[in-house]
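Heads up, the thing below is written out as structure tokens.
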Amino acid sequence: MHKKIQHIQRQGGTNMNDSVRVRFAPSPTGALHIGGGHTALFNWLWARHTGGRFILRIEDTDRERSTKEYEETIMSGMRWLGLDWDEGPDAGGDHGPYRQSERLHLYHEYADRLVEEGKAYREGEAVIFRTPQGVRLAFDDMVYGHIEMMSDTLKDTVLLKSDGMPTYNYAVVIDDHTMGISHVIRGEDHISNTPKQLLVYDALGWEYPVFAHLPMILGKDKKKLSKRHGATSVYEYRDMGYMPDAVFNFLALLGWSAGENNEIFSRDEAAELFELTRVTRRAAVFDMEKLNFINQEHLKRLDPYTRLDLVEPFWREMGLPVDSHSREYLAQSLVVLAGRGQTAKEAAGYSDYFLTFETVKGRYDASDVSEEHKELLRRFYGELLAVPEWKASVLEDFTREWSARESVKMKDIAMPLRMGITGMKVSPGIFEVAEHLGREETRKRLAFFGFVNA
RNA sequence: GGUCCCAUCGUCCAGUGGCCUAGGACACAGCCCUUUCAAGGCUGUGACACGGGUUCGAAUCCCGUUGGGACCGCCA
């Protein structure tokens with residue numbers, strides 16, 4: 001049943017084909033969801049891989065729920081993900097208009113024709129398609145292979161609603177055909193709609209486009225992704241500190257693979273390697289842990305200043321004094337932080353002590369250090385703060401020598417240093433942190449806790 | 001209920017009849033480094049849903065069972 005037809009496979013090869021035209025056709029009734037982003041992404045990949053065109057079409061025929069604001073939100077969501085389109089409501093193109101509400105004349109024109117030919121009838125204000133019985137409806141899906149069914153279980157379907165608007169299964173056919181769409185790439189939930197659309201293509205005497213359905217994205221409970229599963233709009237991921245490149249990368253991995261040892265890649269790399277015929281058929285579970293990992297990997301690969309651009313908003317959100325430090329200092333803070341933190345937000349939370357001493361005081365009070373221990377610390381830190389060169393390697397060497405000479409455990413003098421300057425029991429190498437903070441700031445912080453003589 | 005689709009580690013993928021005592025990644029566990037891990041290095045646990053065929057040989061092909069899912073709107 002899943003055999004892919006040979007000629008389809010050839011069509012799906014790597015040959016550049018500028019006649020490839022694909023579209024993403026969201027209805028502006030909500031923000032861009034993960035599922036929609038996934039579909040848009042695969043269309044984009046196919047267009048970019050083949051050198052074809054990616055078209056954005058707004059399916060705003062639901063007068064009740066469609067809004068211009070949602071249309072804007074969807075477009076900016078796509079821009080955030082880096083999915084640029086070649087034709088669309090804002091971009092123009094010679095197959096417009098790109099909003100269904102502006103293409104009503106087409107739907108009426110063809111509906112009239114179907115009524116005249118007796119293939120549809122009017123009932124009230126609506127136009128209804130007369131479904132022929134005993135017709136074998138078949139198509140070769142580039143992902144799912146050959147699919148067919150008899151028309152007998154299908155009922156007559158509404159083409160034009162009483163309000164004059166077309167229904168989905170009708171408008172999609174008119175638009176895909178008149179816009180010259182070569183490949184219809186959409187979610188698997190549309191497989192059972194396809195035969196109904198085939199009927200319309202047949203009635204109008206039109207060729208079918210190539211169909212390619214994509215596996216669904218499920219929540220952790222293996223149910224269709226919905227609000228119950230937490231964040232579903234792509235914007236929520238941005239606000240949580242995820243990188244668009246990472247969300248893109250993660251989404252591309254749901255139903256496709258670029259090879260066994262190639263899981264972290266850029267948009268361009270994905271576009272180059274993408275193959276529609278290699279898309280998986282099985283529904284995929286959205287795994288936040290994997291997204292976190294992929295995001296962290298992309299974060300690590302960024303140069304410090306770009307990473308700073310991502311982290312900075314979160315520092316501000318936390319109320320930290322970003323503007324009282326230089327860009328160089330802030331970027332270097334992230335270098336010291338190394339790859340720690342899976343999201344920009346997490347990285348921001350891990351590094352607040354570079355920007356202020358206030359948060360440190362808020363979470364540490366040195367009550368875990370005995371007076372006797374403080375005596376020792378005062379003796380040691382006094383010498384440490386006097387090393388000739390304030391450099392991590394020098395500080396570390398000095399500390400090691402001192403601890404060996406005085407028979408003190410490194411832990412006993414390094415941990416209080418960590419707690420005193422970061423307020424955290426986990427941090428990057430503490431001598432690196434001290435170096436970056438600077439001698440005077442380090443002295444100030446240690447003095448606050450009574451670890452050095454003021 | 002009808003129609004259609006799906007079925008490899010917990011999760012995402014590789015695998016298209018012999019290179020498979022099934023490979024990679026995430027997660028998990030353990031070990032190492034060590035001043036800490038949230039950074040880095042290493043190792044490990046872990047799956048072909050089940051039953052029949054076809055074949056010298058099946059995770060791969062066929063049939064059935066079971067289990068999931070989608071669609072059956074004047075929503076898209």
Side-chain angles (χ1 to χ4, degrees), chain A residues 1-4 25-29 36 59-62 64-66 100 123-128 141 143-145 147-150 152-155 157-172 186-196 213 215-216 218 220 222-224 250 253-264 278 280-294 296-297 300 336-342 346-347 349-351 396 399-400 403 409-419 422 424-432:
Chain A
M1 248 325 158
H2 337 126
K3 254 193 222 95
K4 287 164 189 172
S27 69
T29 53
E59 307 214 327
D60 57 348
T61 56
D62 183 337
E64 304 288 296
R65 301 188 299 146
S66 299
Q100 292 191 323
E123 189 173 287
E125 302 294 296
V127 175
I128 300 172
D141 193 283
V143 173
Y144 285 84
I147 293 176
E148 69 171 57
M149 65 175 284
M150 298 303 287
D152 304 56
T153 54
L154 267 26
K155 297 181 288 189
T157 52
V158 175
L159 261 28
L160 290 180
K161 301 184 251 179
S162 305
D163 66 358
M165 288 301 217
T167 54
Y168 168 74
N169 284 125
Y170 174 57
V172 75
R186 71 221 319 186
E188 180 236 49
D189 48 336
H190 286 292
I191 283 186
S192 35
N193 283 323
T194 307
K196 296 173 206 167
H213 288 88
M216 306 253 75
L218 277 23
K220 203 84 187 161
K222 302 219 174 185
K223 295 274 188 271
K224 192 172 171 178
F250 172 71
L253 251 17
L254 258 28
W256 179 68
S257 132
E260 277 201 27
N261 272 308
N262 189 17
E263 297 222 287
I264 306 299
R278 286 184 52 83
T280 299
R281 287 177 278 271
R282 186 205 193 180
V285 173
F286 185 97
D287 181 11
M288 202 65 143
E289 298 294 342
K290 183 101 176 205
L291 205 212
N292 288 338
F293 165 77
I294 290 173
Q296 184 164 26
E297 290 305 309
K300 282 181 197 168
V336 173
L337 189 66
R340 293 173 180 77
Q342 298 198 298
E346 198 169 48
Y350 287 166
S351 55
E396 178 166 354
T399 305
R400 285 190 190 290
S403 75
K409 286 183 190 161
M410 271 291 274
K411 191 171 74 174
D412 293 329
I413 49 183
M415 272 316 272
L417 175 60
R418 168 169 288 111
M419 292 307 299
T422 71
M424 294 174 169
K425 52 183 186 296
V426 176
S427 81
I430 201 57
F431 303 111
E432 277 74 22

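By convention in this document, chain letters (A, B, ...) are assigned in the order of the sequence lines, proteins followed by strands, and residues within each chain are numbered from 1.
Using a 4.0 Å heavy-atom distance criterion, A:G429 is classed as a base contact. Contacts of A:S427 with the nucleic acid, taken as non-hydrogen atoms under 4.0 Å apart, include base atoms. Using a 4.0 Å heavy-atom cutoff across all strands shown, A:N193 reaches at least one base atom of the nucleic acid. The residue A:S162 sits close to a base: some heavy atom pair falls under 4.0 Å. Nucleic acid contact for A:S403: none, since no nucleic acid atom lies under 4.0 Å from a heavy atom of the residue. Residue A:A126 is classed as a base contact, given a heavy-atom separation below 4.0 Å to a base. Nucleic acid contact for A:M424: base, since at least one base atom lies under 4.0 Å from a heavy atom of the residue. As judged by a 4.0 angstrom heavy-atom cut-off over every strand, A:T61 is placed among residues touching the sugar-phosphate backbone only. Among the heavy atoms of the strands lying under 4.0 Å from A:L254 are primed sugar atoms or P, OP1, OP2 only; no base atom is included. Here A:Q296 lies in heavy-atom contact (under 4.0 Å) with sugar-phosphate atoms only. Using a 4.0 Å heavy-atom criterion, one finds that A:K409 contacts no nucleic acid atom at all. At a threshold of 4.0 angstrom between heavy atoms, the contacts of A:F431 include nucleobase atoms, whether or not backbone atoms are also involved. Residue A:H213 is classed as having no contact, given no heavy-atom separation below 4.0 Å to the nucleic acid. In this structure, A:K220 reaches neither bases nor backbone, as no heavy-atom distance under 4.0 Å exists between it and the strands shown.
You'll find that the side chain of A:V426 is closest to B:U36, out of B:A70, B:A25, B:U36. Comparing atom distances between the A:E396 side chain and each of B:U35, B:A27, B:C4 picks out B:U35 as nearest. For A:M415, taking side-chain heavy atoms from C-beta onward, the closest of the listed nucleotides B:U35, B:A14, B:A27 is B:U35. Nearest to the side-chain atoms of A:L253 among the listed nucleotides B:C71, B:U36, B:C12 stands B:C12. With distances taken from any side-chain atom of A:S192 to the nucleotides B:A25, B:A76, B:C71, the minimum falls on B:C71. Of the candidate nucleotides B:U34, B:G73, B:C12, B:G73 has the atom lying nearest to any side-chain atom of A:K155. The side chain of A:K161 approaches B:C74 more closely than any other nucleotide in the set B:C74, B:A14, B:C71.
For A:M415 against A:K425, the heavy-atom pair with the smallest separation is CE-O, 3.7 Å.
A distance of about 25 Å separates the C1' atoms of B:G73 and B:G68, rounded to the whole Å. Distance check on atom C1': B:C48 versus B:U16 gives 15 Å, rounded to whole Å.
A:F250 and A:F293 have their aromatic ring centers separated by at least 6.0 angstrom.
Atom NZ of A:K300 is surrounded by more than 12 heavy atoms from other residues, nucleotides or ligands within 6.0 Å.
For A:K290 and B:A27, a side-chain-to-base donor-acceptor distance below 3.5 Å is absent, hydrogens and geometry of angles not being considered. Scanning atom types as modelled, no donor and acceptor separated by under 3.5 angstrom connect the side chain of A:R281 and the base of B:C5.
One finds the OG1 atom of A:T194 at 3.5 Å from the NE2 atom of A:H213 (value rounded to the nearest 0.5 Å).
As the counterpart of B:C75, no nucleotide is assigned, since no Watson-Crick or G-U wobble pattern has both distances under 3.5 Å.
Looking at heavy atoms from C-beta onward, A:F431 lies in side-chain contact with A:L417 at the 4.5 angstrom threshold.
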